[in-house]
Amino acid sequence: MKIYNTQTRQKEDFTPVEPGKVKLYACGPTVYNYFHIGNARTFMFFDVVRRYFEYAGYDVTFVQNITDIDDKIIQQSIAENVPFEKVAEHYTKAFFEDTKKLGLRPTDHAPKATEYIGKMIGFIRDLEKKGFAYEADGDVYFSVDKLDNYGSLSGKKTDEQMVGARIQENKQKRNPLDFTLWKKSKPGEPTWNSPWGEGRPGWHTECVVMSRDLLGDTFDIHGGAIDLVFPHHENEQAQAYAQNGKPLSNYWMHGGFLNMSGEKMSKSLGNFFTTRDVLKKFDPEVIRLFFLSKHYRSPIDYSPELLEETKSGVANFYDALDFVDFLKIEGNKPQFGEKAQGFVDSFKAVMDDDFNTAKAVAILFDLARLIKNLDEPIEERVQYAHALVEIGSVLGFFSNLDEKLRKDDLSGKLIEMMIEYRQLFKKEKNYAMADKIRNDLNEIGIELLDTKDGTIWKSKRK
RNA sequence: GGCGACAUCGCCAAGUGGUAAGGCAAGGGUCUGCAAAAUCCUCACCCCCGGUUCGAAUCCGGGUGUCGCCUCCA
């Protein structure tokens, strides 16, 4: 398996720290608002990474943190005039609800920053003892000049950044790039007692401490979106090196942005859709197909129109499964012949190449086309259907086949009866009645398909 | 100012040296009582200009355009 590693800027063979195991950490949300659909893209990608590693036979430990103490949460609590704990609680709950609705599997651990304050203080103390941190008026900073390889992840050189233009001047800092490990709290702000006085940890420290605590000093993959490379991941890595001389993660994976009309979607720009709102209009699998049709490192331009067009694509998969009445054959998965196995092998090959989900999706469409092709032998079409569900599931599709394909309940039986009556009318050349049945069914969302093997039906997809 | 990414059919998009996947949309044929569905067929000299090579969308140089990071950000 090959993975593009931001650290080396190239695809590398994946070798886990422990054979057969993958320790994966993806940066999670800061819970000050509903997460937007751009965040959803990144979260969903790592959900697929996790699923694929498991499919490939690895024992995966997947951690995604919840940043529940941060300036933005404090701001939001002032704006909403509710205690900051309530803000964090509310949006944390919303995060779990929305990711579930999106079809993301729960992570193995979802550590909250506020549960790790003690460990963070110990960690900062250690950095201080080792000479990498200094205190100034209740704040504690990391001294980037003390670390030789600072900037290695992002390719930044400490002396070439535009100080003053983009970087906040701060007279307490010895180097403008020095970052906050511990921040003195103002009156009324959430606060914890520390050797440096009342305060709270900096964001970069939260992630290092939680990831190492749950996954070990050096784990396999650390991920997030591209904007986290600098400074967040650079700073995490710096702290880890400084503290114990070990790399934090062997592979760094970063996803591309979701843009709005070519510009980055972000809460600060205000040009965003919350995932919650998008989910009201689109099926989670439509969103999934939309994201997975593109390479994860490329930017995607978001628009409701594009999502609208993607509906047909998802419908394609379910139509195909309807064609072979998948729910009835689901239980007996046949041995795959050469062709069906070929598709599965291709799927593995493209996913092994740095998670090329766009190619993987193309394989899904290839299978759907063959399943619907009545000229293909039925045994093979059945195999293709099982292959479609097998690899589609790895990409996170088909989690609710029963609901999407439900047929053998009472209404299903009634529809079968209507189809039978229509056949009788057709035999008598009573086309007016035959068409009335077809139209009436259509009006309640049931579409009839006359194939040369007889009439089948499907409910119209959202 | 420093660093980086991208530019492929009407739209979305894969492809990193061997002659352009896939999806959406469109047109035509078959099938059908009619329709839908299905199926078959059609639909790209890969932003521009040079260069390297037997051969380049793919490598190199130079343009043009778009975007990102350097501040919080998935």
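Proteins come first, then strands; the chains are lettered A, B, ... in the order of their sequence lines, and each starts at number 1.
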Undergrad: Go through A:H386 and A:F326 one step at a time and tell me if the ring-ring contact (aromatic ring centres under 6.0 Å, His included) criterion holds.
TA: CA-CA 8 Å; A:H386 278 96; A:F326 189 76; 5.0 Å; yes
Undergrad: Between B:rG51 and B:rC40, how far is it from one C1' atom to the other, in whole Å?
TA: 45 Å
Undergrad: Between B:rG22 atom P and A:F291 atom CZ, what is the distance in whole Å?
TA: 25 Å
Undergrad: Would you list the protein and nucleotides 64-68 of chain B atom pairs, both N or O, that sit under 3.5 Å from each other?
TA:
none

Undergrad: Tell me every residue that passes side chain to side chain donor-acceptor pair (under 3.5 Å) with A:D352, counting only those two or more places apart in sequence or in another chain.
TA: A:Y52
Undergrad: With a 4.0 Å heavy-atom cut-off, tell me which residues in residues 36-43 of chain A come close to RNA chain B, sorted by residue number.
TA: A:H36, A:G38, A:N39, A:T42
Undergrad: Taking the side chain of A:P231 as heavy atoms from C-beta outward, which of B:rA14, B:rC70, B:rA74 is closest to it?
TA: B:rC70
Undergrad: Grab the CG-C1' distance between A:L307 and B:rC24 for me, whole Å please.
TA: 13 Å
Undergrad: Expressed as a whole number of angstroms, how long is the span from A:F365:CZ to B:rA13:C1'?
TA: 11 Å
Undergrad: With a 3.5 angstrom cut-off on both distances, give the Watson-Crick or G-U wobble partner of B:rC67, or none if there isn't one.
TA: B:rG4
Undergrad: So which heavy atom on A:V60 is nearest to which on A:D108, and how close?
TA: O-OD2, 3.4 Å
Undergrad: Just to verify, what does A:E263 make a side chain to side chain donor-acceptor pair (under 3.5 Å) with, not counting sequence neighbours?
TA: none
Undergrad: Could you tell me which residues satisfy side chain to side chain contact (heavy atoms under 4.5 Å, CB included) with A:E12, sequence neighbours excluded, listed by chain and number?
TA: A:N5, A:T8, A:Q10, A:Y251
Undergrad: Taking a pair as Watson-Crick or G-U wobble with both distances under 3.5 Å, which nucleotide is matched to B:rA26?
TA: B:rU42
Undergrad: Roughly how many Å apart are B:rC67 and B:rA35, using the C1' atom of each and rounding to a whole number?
TA: 47 Å
Undergrad: Look through every strand shown and name the nucleotide pairing with B:rC54 as Watson-Crick or G-U wobble, where both distances are under 3.5 Å.
TA: B:rG18
Undergrad: Could you state the atom-to-atom distance from CE of A:M433 to P of B:rC34 in whole Å?
TA: 20 Å
Undergrad: Rounding to an integer number of Å, can you tell me how far A:F343 CZ sits from B:rG22 P?
TA: 11 Å
Undergrad: With sequence neighbours left out, write down each residue that passes salt bridge (charged side-chain N to carboxylate O under 4.0 Å, His left out) with A:D354, or none if nothing qualifies.
TA: A:R297
Undergrad: A:H90: what forms a ring-ring contact (aromatic ring centres under 6.0 Å, His included) with it, not counting sequence neighbours?
TA: A:Y34
Undergrad: For a quick check of understanding: with a heavy-atom distance under 4.0 Å over all strands, which category does A:I300 fall into, base, sugar-phosphate or nothing?
TA: nothing
Undergrad: Using a cut-off of 4.0 Å on non-hydrogen atoms, how would the nucleic acid contact of A:K294 be classed: base, sugar-phosphate, or nothing?
TA: sugar-phosphate
Undergrad: Could you give the distance separating B:rA56 and B:rG65 at their P atoms, to the nearest angstrom?
TA: 28 Å
Undergrad: Under the ring-ring contact (aromatic ring centres under 6.0 Å, His included) criterion, do A:Y134 and A:F142 qualify, and how do the steps go?
TA: CA-CA 7 Å; A:Y134 58 93; A:F142 184 93; 9.3 Å; no
Undergrad: Pick the C1' atom in B:rC41 and in B:rG61, then give their distance to the nearest Å.
TA: 44 Å
Undergrad: Quantified in whole Å, what is the P atom distance between nucleotide B:rA74 and nucleotide B:rA20?
TA: 43 Å
Undergrad: Only distances under 3.5 Å count here; give the side-chain donor-acceptor pairs of residues 275-282 of chain A to other protein atoms, sequence neighbours excluded, each with its distance to 0.1 Å.
TA:
from, atom 1, to, atom 2, distance (Å)
A:T275, OG1, A:F35, O, 3.2
A:T275, OG1, A:H36, O, 3.0
A:R276, NE, A:D98, OD1, 3.2
A:R276, NE, A:D98, OD2, 3.2
A:R276, NH2, A:E97, OE1, 2.9
A:R276, NH2, A:D98, OD1, 3.2
A:D277, OD1, A:K280, NZ, 3.2
A:D277, OD2, A:T274, OG1, 3.3

Undergrad: Measure the distance from CD on A:E309 to C1' on B:rG22 and round it to the nearest whole Å.
TA: 15 Å
Undergrad: Which residue, A:D301 or A:K11, contacts RNA chain B at a nucleotide closer to its 5' end, judged by nearest heavy atom?
TA: A:D301
Undergrad: For A:Q75 and A:D71, test the side chains for any donor-to-acceptor distance below 3.5 angstrom and give the result as yes or no.
TA: no
Undergrad: Please, which pairs that meet salt bridge (charged side-chain N to carboxylate O under 4.0 Å, His left out) have at least one residue in residues 219-234 of chain A, sequence neighbours excluded?
TA: A:D227-A:K264
Undergrad: Applying a 4.0 Å non-hydrogen cut-off, can you work out what A:R381 is touching in the nucleic acid: base, sugar-phosphate, or nothing?
TA: nothing
Undergrad: What one-letter contact string describes nucleotides 37-42 of chain B from 5' to 3', where B marks a base within less than 4.0 Å of any protein heavy atom, S marks contact via sugar-phosphate atoms alone, and - marks no contact?
TA: BSS---
Undergrad: Excluding sequence neighbours, so at least two apart, what forms ring-ring contact (aromatic ring centres under 6.0 Å, His included) with A:Y241?
TA: none
Undergrad: For B:rG33, is there a stacking contact with A:Y431, counting only centres under 5.5 Å and planes under 30°?
TA: yes
Undergrad: Tell me the partner of B:rG61, counting only Watson-Crick (N1-N3 plus N6-O4 or O6-N4) or G-U wobble (N1-O2 and O6-N3) with both under 3.5 Å; none if nothing fits.
TA: B:rC49
Undergrad: Partners of A:D148 by salt bridge (charged side-chain N to carboxylate O under 4.0 Å, His left out), sequence neighbours excluded?
TA: none
Undergrad: Round to a whole Å and report the spacing from CD1 of A:I221 to P of B:rA74.
TA: 21 Å
Undergrad: Does the B:rA35 base have a donor-acceptor partner in the side chain of A:R438 within less than 3.5 Å?
TA: yes
Undergrad: Contact class for A:G223 vs. all strands (heavy atom < 4.0 Å): base, sugar-phosphate, or nothing?
TA: nothing
Undergrad: Given the C1' atoms of B:rC47 and B:rC6, what is the spacing between them in whole Å?
TA: 12 Å
Undergrad: Between A:Y4 and A:A362, name the one whose nearest nucleotide on RNA chain B is closer to the 5' end.
TA: A:Y4
Undergrad: Per the ring pair (Phe, Tyr, Trp, His ring centres under 6.0 Å) rule, which among A:F272, A:F273, A:F257 passes with A:Y302?
TA: A:F273
Undergrad: Without decimals, in angstroms, what is the distance between A:L258 CG and B:rA5 C1'?
TA: 16 Å
Undergrad: If the C1' atom of B:rU16 is compared with that of B:rU53, how far apart are they to the nearest Å?
TA: 16 Å
Undergrad: Over all strands shown, is A:S298 touching base, sugar-phosphate only, or nothing at heavy-atom distances under 4.0 angstrom?
TA: sugar-phosphate
Undergrad: Under a 3.5 Å limit for both distances, which nucleotide forms a Watson-Crick or G-U wobble pair with B:rG33, could you say?
TA: none
Undergrad: Is the backbone of A:M433 close enough, under 3.5 Å, to the side chain of A:N430 for a donor and an acceptor to pair up by distance?
TA: yes
Undergrad: In whole angstrom, give me the gap between the P atoms of B:rC69 and B:rC12.
TA: 22 Å
Undergrad: Determine the contact category for A:K426: base if any of its heavy atoms lies under 4.0 Å from a base atom, sugar-phosphate if only primed atoms, P, OP1 or OP2 are that close, otherwise nothing.
TA: base
